[in-house]
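In what follows, a structure is listed as structure tokens, so that the remarks can point back to it.
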Amino acid sequence: MTTIYAAKKIITMNPARPETTHVAVRDGRILGAGSLEEFSRWGDYELDEQFSDKVLMPGLVEGHAHTMEGTLWRHTYCGYFDRMDPDGKMWTGLKTIDAVLDRLKEAEAKLDDPDTPLPGWQLDPIYFNNERVSREDLDKVSSTRPVGVMHASGHILNVNTKALELAGLLKSGVNHPGVPLGKDGLPTGELKGPDIMTPVGVHVGFDRDMLACDERGLRDFGKLCVRTGVTTVTDLAARLNDEAVDMMLRVTGEKSYPARVVPLRFFHGLTPEDLVEQASSLKTKSTDRLRLGMIKVVADGSIQGFSARLRAPGYFNGAPNGLWYVAPEQLQEIYDRALEQGLHVHTHTNGDEATQLAIETLERALAKQPTPDHRFTLQHCQLADAAQFRRMGKLGMCVNLFANHHFYWGDEHYRLTVGPERAERMNACRTALANNVPMAIHSDAPITPLGPLFTAWCAVNRITASGRVQGEYEKIAVDDALYAITLGAAYTLKLDGEVGSVEAGKRADFAVLEDDPTTIGADKLKDVRVWGTVQDGRIFSAQAG
Amino acid sequence: MPLPITIIGGYLGSGKTTLINHLLRHADGVRLAVLVNEFGELPIDADLIEAQDDDIISIAGGCVCCSYGNDLTLALLDLVKMDPQPDHVVLEASGVALPGAIAAAVGLLDGYLLDGVVVLANAETIREQAVDTYIGDTIQRQLEAADIVIINKTDLVDEDGLVSLRSWMKERNGDVEIVLAQHGQLPSSLVLQSFLARERKHQEGHQLNAFETVRMEIVTPVQVEKLAQDLASPELGLLRAKGFVKSPQGELKTIQVVGRRWAVTEAPPNSQPGLVAIGVKAVVDPKVLEKVAAAAAVKAD
């Protein structure tokens, strides 16, 4: 059966017919995008006019997110900014520590068992003049149950006295750079870095494996996709053991699952040989809605955590250089073996030294194993300079820049981590495009909220949380940003032949919008209202939940 | 009883895996739990393996090897709950990990006592690696965090080269004890204190005669912390010391020394007073050690 959707406007991303009014769909595929008359030869059809006052775009593609965001929403949201949960409830941002404590108290009042832990997430004291949350503060929420609040960066955890007690840390003489001590010689309850967050985190209700997403979390994540117009989404670092793969296959295979999920196998804990072998065998398990077989490598840490690898002149505040999470020889072996097996690797590089290593390593791998159209992609790649983008362009590398990061932490980078000049060039979208580096932009949800239209707004306006424009030169046009969140991101996943534009033969994936992102104005891009999505010809309304 | 844990660091190719196999091969009743980052191309020599599944390799003599993959802390939390508990944990850090940071984190975990940081260096390549654009600072930070540096693969370097390598190392970490080795062949007691404790009981020599083991009977009460601190002073050149001594209050305490690091803890029940130390034969002087012990003795009023 053919359905023809009439819309106020369809933005196709197909330059040959960029705008149209009708799209014909059969069995989840687009028969064509054009005028109603053009479709007459396709036979009987049903004209669906429910979108006649809406704007359709290709379903949005989020090229760097983590499905664990779905799981996190079961914890108490403590963020500074308003954020919508999977059920559509808008949680107001909390502007003071007292407001954070009040929300935790509300959540606490709903718990019956006095031992149940109370986890909160997305705290960001940067916006409270860096005033810290102490264990005494959290003791006001509860002194009997363990309470812990994860920071937005994911690098710091604040806990109450009970949690420290349970972890055996309520003692004097603790000597660890990640555990600040109070005047009484006891830990203040702030815990910095995964080494020390994990042993306490298990007591406050944070799952043992932070990257893991459970069944309900994956379903909730699907709801967030509908609310943000996303029809294809990555899960960028998944452990993907048999159990996890079975669960993901089952959930994404459900009739009403609204998104195509692309999980990348996380490299850690496997030799390069085993990694490539596992990814190869996962590839064969792929379905339409679960695309397996890609690899994710993490080369360094984060810039705001001072664990990213920077080249000279290093950190603005003089902090020592960051950490490698992969040895150069191992990265080489992963790239060599992946190219040999025709596998696709995405590499997290935050600092420019990590980016340089990835570029040089891939250059050597390609010399040994020339591979046209490999599309190896650097993820974040926040500090790359023009010379690195030139080289990436020549090598056929892609990039997925962290546009949202610029809004949330740009001020910190300007003031503290890399200083004004490099902060202005961070996430250099314009330079990437100028050097023909295929580009996507991302949210890294849950680090920042899922929402490609917001991400596009960030790349177009380059406004930081304090309201400054940072890096005027690196702004990109609205059209370029819309391309980045559709075909651009699809290209980095080798899915641009299937999704990312509205044209004959492609998947019937649409973002259904109340407003027109091409005319609403660059400064209002983030305010475009999302009605829902069509994914593979199935209609999902955000309102229906 | 806290579980002793030794961190073995060093870059790729420094011989960590060989050393660990050597320790397992000579475990001789000490039940080791070895934690490795990944089960690579046989982290354990095939003839030592009794059984293997995804997460754990069972090894002859009650030893095990587990991979910790992404989360070392979780693996350590699991290991301490193992029944029966192993006698000693040997943690092989990944080639780019900073053993100092791991040691700091382990120091906070309930149930563990850090036994020391041993960092291996490939005699042939270490100086080159230490100035490498990408990994140079990582290598330097690894060496700086060591209690003992094992310069391995010394057969690949000539005598003069070793002399200059030794002074180069001292410039980087003046406090460190340096040991030369080939193919990770070393007295196990030098790497792990659990072996040292056993040597004390068995009163047996060890296979490599470049090292001197000194046993001391200390039965009278001593100022325990002073003794521990003195044993860790660089002039004595001790690699390790371990034993039980009486405090002025008459309680039995455990002393552990590795390089410049020392610790005093409660002694387990039924421990017998006495102390054993190991160092390079050319450096260690038993007479000096006796004097140190005498100086810490509590004077009778």
Side-chain angles (χ1 to χ4, degrees), chain A residues 166-169 171 173-179 187 191 193-202 207-212 237 239 241-242 266-275 298-300 307 309 311 314 320-331 333 353-354 356-357 360-361, chain B residues 2 10-14 16-17 35-43 54-55 66-78 80-81 93-112 114 125 129 132-142 144 263:
Chain A
L166 288 173
L169 271 182
K171 58 185 178 191
V174 171
N175 177 16
H176 188 285
V179 186
L191 307 165
D195 293 349
I196 184 59
M197 284 158 61
T198 312
V200 188
V202 293
D207 276 347
R208 293 174 60 93
D209 183 355
M210 281 297 290
L211 292 173
R239 206 77 62 217
N241 56 25
D242 291 347
F266 192 48
F267 81 113
H268 218 140
L270 291 173
T271 60
E273 190 177 5
D274 291 345
L275 173 69
V298 175
D300 68 341
S307 52
R309 293 289 312 187
R311 297 185 300 185
N321 208 346
L323 304 173
W324 290 112
Y325 292 136
V326 67
E329 291 90 333
Q330 287 167 329
L331 187 66
E333 192 182 344
E353 190 183 45
Q356 188 70 16
L357 175 69
E360 288 175 5
T361 305
Chain B
Y11 197 63
L12 310 183
S14 61
K16 297 194 293 287
T17 305
L35 279 173
V36 297
N37 183 226
E38 62 211 19
F39 285 169
E41 302 121 28
L42 284 187
D54 282 354
D55 305 315
C66 315
S67 69
Y68 56 83
N70 185 50
D71 207 323
L72 175 59
T73 314
L74 285 180
L76 288 170
L77 291 176
D78 286 342
V80 81
K81 290 186 213 135
S94 88
V96 284
L98 300 181
I102 297 176
V106 163
L108 293 185
L109 287 181
D110 245 9
Y112 282 97
L114 182 66
T125 56
Q129 287 166 343
D132 181 89
T133 311
Y134 292 116
I135 53 153
D137 63 317
T138 302
I139 301 279
Q140 302 235 21
R141 281 150 92 177
Q142 289 177 347
E144 282 160 18

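Side chains are part of it too, since the values below use all heavy atoms of this structure and drop only hydrogens, waters and symmetry mates. Note that the structure is predicted; figures quoted are calculated from it, not measured. First the proteins, then the strands, lettered A, B, ... as listed; each starts at 1.
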A/V179, part contacting chain B, at a heavy-atom distance under 4.5 Å: side chain
Is the closest side-chain heavy-atom distance between B/L76 and B/L35 below 4.5 Å? yes
Name the region of A/R311, side chain, backbone, both or neither, that has any atom closer than 4.5 Å to a heavy atom of chain B. neither
Under the side-chain contact (heavy atoms from CB on, under 4.5 Å) test, residues paired with B/S14 that sit two or more places apart: B/K16, B/L120
Residue part contacting chain B, namely of A/L169, when any heavy atom lies under 4.5 Å: side chain
Which portion of B/Y11 sits near chain A, non-hydrogen atoms under 4.5 angstrom: side chain
Side-chain donor/acceptor of B/Q142 to backbone N/O of B/G95, under 3.5 Å: yes
Which portion of A/A354 sits near chain B, non-hydrogen atoms under 4.5 angstrom: neither
Nearest non-hydrogen partners of A/Y325 and A/D300, listed with the distance: CD1-O, 3.2 Å
Do B/S67 and B/N37 come within less than 4.5 Å of each other through their side chains, counting heavy atoms only? no
Using non-hydrogen atoms only, which part of B/L98 is less than 4.5 Å away from chain A: side chain, backbone, both, or neither? side chain
Per-residue contact mode, A/F267 against chain B (heavy atom under 4.5 angstrom): neither
Among the listed options B/I102, B/V96, B/I135, the residue most often paired with chain A at heavy-atom distances under 4.5 Å: B/V96
Measuring heavy-atom distances to chain A, does B/L12 have an atom under 4.5 Å in its side chain, in its backbone, in both, or in neither? side chain
Does B/V80 form a side chain to side chain contact (heavy atoms under 4.5 Å, CB included) with B/L109? I'd like the steps, not just the answer. CA-CA 10 Å; B/V80 81; B/L109 287 181; over 6 Å; no
Under 4.5 Å between any side-chain heavy atoms of A/V326 and A/V298, yes or no? no
